[in-house]
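We count ligands from 1, going down the list as the structure has it; atoms in each ligand are counted the same way. Each residue takes its place number in the sequence, starting with 1.
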Amino acid sequence: MLFKKKYYVCLVCGFDRLRGPLYKNGLPDYSLICTCCAFQPGYDDLDQGYTFDTYRAEWLANGAEWFMKKEQPKHWDVKAQLKNIGIEL
Ligand SMILES: [Zn+2]
């Protein structure tokens with residue numbers, strides 16, 4: 001499948017349809033929120049005492065629920081998605 005639009009990968013959950021990078025030149029884009037894991041740069045990271053790893057661990061422990069459920073693909077697979085960021089469950 002070809003996409004003309006450029007997408008970005010969430011560094012927490014591996015969701016690869018973010019509309020922009022979470023961080024640009026090291027600065028968080030506060031307007032972004034991951035539709036999958038609900039991670040929000042500049043808020044859910046060090047500001048709240050999270051790292052990508054601890055946020056991910058908590059999200060997985062809570063059942064890896066989609067933040068925007070209607071955006072969830074039919075045959076979504078958390079394990080396949082995490083491979084986008086090199087994580088094997
Ligand atoms: Zn995410």
Side-chain donor-acceptor distances from residues 58-68 under 3.5 Å, at least two apart:
{"from": "Glu58", "atom 1": "OE1", "to": "Tyr50", "atom 2": "OH", "distance (Å)": "3.3"}
{"from": "Glu58", "atom 1": "OE2", "to": "Tyr50", "atom 2": "OH", "distance (Å)": "2.9"}
{"from": "Trp59", "atom 1": "NE1", "to": "Glu65", "atom 2": "O", "distance (Å)": "2.9"}
{"from": "Asn62", "atom 1": "ND2", "to": "Glu58", "atom 2": "O", "distance (Å)": "3.1"}
{"from": "Glu65", "atom 1": "OE1", "to": "Lys69", "atom 2": "NZ", "distance (Å)": "2.2"}

Q: Please round to the nearest 0.5 Å and tell me the distance separating atom CG of Asn84 and atom SG of Cys10.
A: 10.5 Å

Q. Looking at residues at least two apart in the chain, or sitting in another chain, which of them share a side-chain hydrogen bond (donor to acceptor under 3.5 Å, both in side chains) with Tyr23?
A. Asp45

Q: Output yes when a side-chain donor or acceptor of Tyr55 lies under 3.5 Å from a complementary backbone atom of Cys37, and no otherwise.
A: yes

Q.
Before you tell me yes or no, could you show the steps for Phe39 and Asp44 under side-chain contact (heavy atoms from CB on, under 4.5 Å), namely the whole-Å CA-CA distance, both residues' side-chain angles and the distance that decides it to 0.1 Å?
A. CA-CA 6 Å; Phe39 182 83; Asp44 289 319; 3.7 Å; yes

**Q.** N, O or S atoms of the protein lying under 2.8 Å from the Zn ion (ligand 1)
**A.** Cys10 SG, Cys13 SG, Cys34 SG, Cys37 SG

**Q.** Partner set under side-chain hydrogen bond (donor to acceptor under 3.5 Å, both in side chains) for Asp47, not counting sequence neighbours
**A.** none

